[in-house]
Amino acid sequence: MKKIILTIAAVILAALSLEARGLNITAGYNTGIAKQTWNDTRSTDIYNGFNVGIGYTFREIVGDHVNIATGLQYVNMFGKKNTYDEDLKMNGQQVDSYLQLPVRFTYLFDTENCDFFLFAGPKFLFGLRSQFRTDDVNFNWYARGTEQQYSRFNLMLGVGGGMYIGEHFRLSLGYDWGVLNRYKGDLKDAGNKLYQSMATVNVAICF
């Protein structure tokens with residue numbers, strides 16, 4: 001373990017000598033908001049979780065201030081969920097994990113002490129796991145067959161901003177609105193809806 005920690009530290013120190021703000025390693029905290037309409041009953045569930053990943057910033061796409069930031073991130077979220085089985089309401093634990101690909105168009109404001117930026121753009125998500133659990137139920141929303149009621153794909157549109165701290169650190173805050181109904185199959189045909197949005201606070205080490 002000690003060797004692994006020393007190796008990681010050496011890699012980070014070596015990377016700090018490279019040109020900054022291209023490649024980056026990201027990590028952060030997520031809050032998910034799931035708004036659903038099920039059999040004409042509306043409810044909102046709040047999830048919490050984290051993300052880790054790698055990214056790259058394509059700089060000066062248009063002029064000196066417009067960049068494109070993208071990357072690949074793993075997201076894990078969990079929280080209480082309300083669902084329904086005919087007239088029976090069930091309260092349980094929902095656990096979700098995704099791979100997400102954000103594509104952010106950023107505009108950079110240079111100042112003497114710190115560089116600020118605003119961003120906007122889509123985020124593409126692919127579901128890896130979506131599981132609802134109670135003491136008596138263990139339900140996989142992605143399972144093959146009749147249980148497959150969630151689409152694995154989702155699209156969000158987001159805005160946000162942040163700042164660079166020195167040459168090698170970045171802090172960002174954003175919010176993404178889900179634009180696709182996650183339900184599919186019989187649930188979607190019956191008029192049920194599930195839209196998921198996400199607030200994110202991220203930090204990044206920029207190489």
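- Taking CE of Met156 as the reference point, atom OG of Ser197 lies at 6.0 Å (rounded to 0.5 Å).
- Checked for salt-bridge contact, Asp176 and Arg104 meet the test: a charged N lies under 4.0 Å from a carboxylate O.
- Ser130 is listed as a side-chain neighbour of Gln94, based on a closest heavy-atom distance under 4.5 Å.
- Using a 4.5 Å heavy-atom cutoff, the side chains of Phe124 and Pro102 are not in contact.
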Checklist line | Audit row: Tyr98, Asn76, side chain to side chain donor-acceptor pair (under 3.5 Å) steps and yes/no | finding: CA-CA 7 Å; Tyr98 309 93; Asn76 189 79; over 6 Å; no
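- Arg182 forms no cation-pi arrangement with Tyr195, by the criterion of a distance under 6.0 Å to the ring centre and an angle within 45° of the ring axis.
- The two residues Pro122 and Leu155 come nearest to each other via the heavy atoms CB-CD1, 4.0 Å.
- By the 4.5 Å heavy-atom criterion applied to side chains, Asn30 and Asn48 are not counted as neighbours.
- A donor-acceptor contact shorter than 3.5 Å is absent between the side chain of Asp115 and the backbone of Tyr164.
- Contact of the Ile33 side chain with the Trp177 side chain is not registered, since no non-hydrogen atoms from C-beta on lie closer than 4.5 Å.
- Atom OH in Tyr29 sits 10.5 Å away from atom OG1 in Thr200 (nearest 0.5 Å).
- No side-chain donor-acceptor contact under 3.5 Å links His168 to the backbone of Ile205.
- Under a hydrophobic clustering in which Ile, Leu, Val, Met, Phe, Trp and Tyr are joined whenever their side-chain heavy atoms come within less than 4.5 Å, directly or via other members, Tyr142 and Phe132 fall into the same cluster.
- How far CZ of Arg170 is from CG of Asn202: 8.0 Å, rounded to the nearest 0.5 Å.
- Hydrophobic clustering (ILVMFWY, side-chain heavy atoms < 4.5 Å, transitive): Val66 and Val159 are in distinct clusters.
- At least one side-chain heavy atom of Leu194 sits less than 4.5 Å from a side-chain heavy atom of Asn181.
- For Ala199 against Tyr175, the heavy-atom pair with the smallest separation is CB-CD1, 3.6 Å.
- Ile46 and Phe78 are not part of a single hydrophobic cluster, where members link through side-chain heavy atoms under 4.5 Å apart.
- With values rounded to the nearest 0.5 angstrom, Phe109 atom CZ is found 10.5 Å from Phe116 atom CZ.
- No donor-acceptor pair closer than 3.5 Å links the side chain of Thr57 to the backbone N or O of Arg59.
- Scanning all heavy atoms of the two residues, the minimum distance from Leu101 to Gly71 falls at CD1-O, 2.6 Å.
- How far CZ of Phe117 is from CG of Asp110: 12.5 Å, rounded to the nearest 0.5 Å.
- Under a cut-off of 6.0 angstrom, the local environment of CZ in Phe153 is sparse, with at most 12 non-hydrogen atoms contributed by other residues, nucleotides or ligands.
- Looking only at atom types and distance, the side chain of Gln36 has no donor-acceptor partner in the side chain of Thr44 under 3.5 Å away.
- Here the side chains of Val52 and Thr26 are not in contact, with every heavy-atom distance at 4.5 Å or above.
- Classified by interplanar angle (parallel below 30°, tilted 30° to 60°, perpendicular above 60°), the ring pair Tyr150/Trp141 is parallel.
- By the criterion of side-chain heavy atoms lying less than 4.5 angstrom apart, applied directly or through intervening Ile, Leu, Val, Met, Phe, Trp or Tyr residues, Leu118 is grouped together with Val103 in one hydrophobic cluster.
- Of all heavy-atom pairs spanning Phe119 and Ser172, the tightest one is CE2-CB, 4.5 Å.
- For the pair Ile25 and Phe207, the minimum side-chain heavy-atom distance is below 4.5 Å.
- Shown here is Ile54, whose CD1 atom has no more than 12 heavy atoms of other residues, nucleotides or ligands within 6.0 Å.
- Put simply, the side chain of His65 never gets that close to the backbone of Tyr107: no donor and acceptor are under 3.5 Å apart.
- Going from atom CZ of Arg129 over to atom CE of Met77 covers 13.0 Å, rounded to the nearest 0.5 Å.
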Note to self: For Gln131 and Asn138: C-alpha separation, side-chain torsions, deciding distance, then whether side chain to side chain donor-acceptor pair (under 3.5 Å) applies.
What the structure shows: CA-CA 7 Å; Gln131 193 171 27; Asn138 192 340; 2.6 Å; yes
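- The two residues Tyr47 and Ala34 have their closest heavy-atom pair at CE1-CB, 4.0 Å.
- Lys123 has its side chain within reach of Met198: a pair of non-hydrogen atoms, C-beta onward, lies under 4.5 Å apart.
- Contact record, Leu128 with Leu99: CD1-CG, 3.9 Å, taken as the closest heavy-atom pair.
- Ile165 and Val203 fall within a single hydrophobic cluster, where Ile, Leu, Val, Met, Phe, Trp and Tyr are joined by side-chain heavy atoms under 4.5 Å apart, directly or via other members.
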